[in-house]
Amino acid sequence: MSITILGIESSCDDTSAAVIENGYLLSNRIANQLVHKEYGGVVPELASRAHQQNVVPVVDAALKDAGKSPASISAIAYTRGPGLMGALLVGSSFAKGLSIALDVPLIDVNHLHAHILSVFIARSDSERHFPAFPFLCLLVSGGHTQLVIMKSHLEMEIIGQTIDDAAGEAFDKCAKVMGLPYPGGPLIDKLAGEGNPKAFAFSKAVVKGLDFSFSGLKTSFLYFLRDRLQDNKEFIHNNRHDLCASIQDAIIESLTQKLVKAAKETGIRDIAIAGGVSANSGLRRAVNKLGERKNWRIFIPAVQYATDNAAMIAVTGYYKYLQGQFSSQHITPAARFDHL
Ligand code: KG4
Ligand code: ZN
C-alpha cells in the first residue's frame, strides 16, 4: 500500500505544501510573502495573514501537481515549531482540521529536524544519494546554527551551536548595515560573486569547542564601515562587491573551521549542510572543496530545499510515519524548541 504524506510548512514567511509518496517527492509548492520587503524584516502579523490567504490554494496546488486527491493522503505532517507563533498557528490549525476531515493521522514536525532531513528529498532513484548513519550536519538557518550528529532519521545529538547570532542572522544584519533589503543573505551571495573575498579582514570571535559566535563579527563589520564612511561617504557603494565577498568569506570560515573540528573529533566522514544558509554558493563551494581534500562524502540539499519548504516537512513526516510517531490533536505549536 502506498504511503502518501502531505507536508505543510508555515513557520516564518513562506507558505508551502508538498506531497511525498513512498519516500519520493511528487510536488512542492511555495508561496513567498513579498509583503515584508519594505519593512526590512518579517512582520509577524502580516506573515500570519498571508499564511491564512495562501494555505488553501498552496495545498490545493501541491495536491494537483502530485496528481493526488485528498482521499489518497495517508497522513498530514506540519511544522510545530520553532518559528513565529501566529504563523505556526495557521499551519497547525489547518493541518489539524484537515486530519479530522479526512480521518488520517497527524504528524508534528520540528522545523530544524526537517531542515536536516532535507538531504533525503529525492524525486527519483537517480537522486537517491543519501548519507549513511551516523552523519554530521551543519545546520545553518536564519535562527539557528548547530552541529548535529544524526544517528538515525529520528535520533540526533547537538554537539555545537551558536552562543549568540545565527549564521543567517549575521548575513542579514551585515546586509542591513550596507543598506541592502531583507533578506540580505541571498543578495550578499550574489554581490560576492564579483568581489574579492580577501579585500577586507574583520575580527572573528574565538569560541571554545564546537560552538559558534557571530555577534563580534557583525560589530567589527559595523565599526569598520562607520570609520570608512567618515572619510568617504561613497565607501559602501564603491566597494559593495568586495565588502560582500569579504564578510561572506569570514562567515564561511567560522562555519567550516568548526565543521572540520567536529569531523576530526567524531571521525565521521559523511557530512551534510542544511538550512537557508546552505543555499549560499560560497559555502557550498567551500564544503565541497573540503570534502575533496579530506575525503568526506558531502550531502547538500538542492537550493530549493535548502531554504524553507514543505518537502522537508513531508519527508520528515514520512520517516515518522514509518515509526508510527503520530501526534494528538491537543499538541500546541511551539515558538521555541530547546532540543531537536
Ligand atoms: O532556513 P531558512 O529559509 O529559514 C529559517 O529557518 O530561518 O533560512 C533563512 C536564512 C536567512 O537568514 C537568509 O538570509 C539565509 O537563510 N539565506 C542565505 C542564502 N539564502 C538564504 N544566506 C546566504 N546566502 C544565501 N544564498
Ligand atoms: Zn528554516
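Note that ligands are numbered from 1 as they come in the structure, with each ligand's atoms numbered from 1 the same way.
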Please report, to 10°, the angle around the Zn ion (ligand 2) from atom NE2 (His115) across to atom NE2 (His111). 100°

Please find the pair of heavy atoms, one from Val58 and one from Arg29, that lie closest to each other, and give the distance. CG1-O, 3.9 Å

What residue and atom, counting heavy atoms only, is the protein's closest point to atom 3 (O) of ligand 1, and at what distance? Asp308 N, 3.1 Å

Ligand 1 contacted by Cys12 (non-hydrogen, < 4.0 Å): no

Considering only non-hydrogen protein atoms, determine which one is nearest to atom 7 (O) of ligand 1 and report residue, atom name and distance to 0.1 Å. Gly142 N, 2.8 Å

Proximal candidate to atom 8 (O) of ligand 1 [heavy atom criterion; set Gly143, Gly276, Ala175, Gly282]: Gly276

Ligand 1 N/O within reach of Gly168 N/O, cut-off under 3.5 Å: yes

Side chain to side chain contact (heavy atoms under 4.5 Å, CB included), paired with Ile273, selected from Thr256, Leu283, Asn288: Leu283

Is His115 touching ligand 1 with its side chain, its backbone, both, or neither, if touching means heavy atoms under 4.0 Å apart? side chain

Is the shortest distance from a heavy atom of Gln248 to ligand 1 less than 4.0 Å? no

Only one of Asn28, Thr79, Asn309 passes side chain to side chain donor-acceptor pair (under 3.5 Å) with Glu9, and that residue is Thr79

Does an N or O from Asn280, backbone or side chain, lie closer than 3.5 Å to an N or O of ligand 1? yes

Does the N or O separation between Gly184 and ligand 1 drop below 3.5 Å for any pair? no

Within ligand 1, which atoms have a heavy atom of Ala279 less than 4.0 Å away? 20 (N), 26 (N)

Stepwise side-chain hydrogen bond (donor to acceptor under 3.5 Å, both in side chains) check, Asp165 with Ser215: CA-CA 6 Å; Asp165 292 349; Ser215 75; 5.3 Å; no

Pick one: which of Phe135, Phe299, Tyr319, Phe120 meets ring pair (Phe, Tyr, Trp, His ring centres under 6.0 Å) with Phe130? Phe120

The N/O/S atom of Asp308 lying closest to the Zn ion (ligand 2) is OD1

Would you check if the side chain of Asn32 reaches a backbone N or O of Leu34 as a donor-acceptor pair within less than 3.5 Å? no

So which of Asn309, Val303, Asp172 gets nearest to atom 13 (C) of ligand 1, if we judge by its closest heavy atom? Asp172

Residue from Phe214, Phe171, Phe202 passing ring pair (Phe, Tyr, Trp, His ring centres under 6.0 Å) with Phe221: Phe202

Looking only at protein heavy atoms, identify the closest one to atom 26 (N) of ligand 1 and say how far it is in Å. Asp189 OD2, 2.9 Å

Got a donor-acceptor contact below 3.5 angstrom from the Lys96 side chain to the Ile331 backbone? yes

Do Gln329 and Ser99 meet the criterion of a side-chain donor-acceptor pair at a distance under 3.5 Å? yes

Look at the side chain of Glu155 and the backbone N and O of Lys151, then say whether any donor-acceptor pair between them is shorter than 3.5 Å. no

Which residue and atom name correspond to the protein heavy atom nearest atom 6 (O) of ligand 1, and how close is it? His111 NE2, 3.1 Å

Please determine if Gly185 has a nitrogen or oxygen closer than 3.5 Å to a nitrogen or oxygen of ligand 1. yes

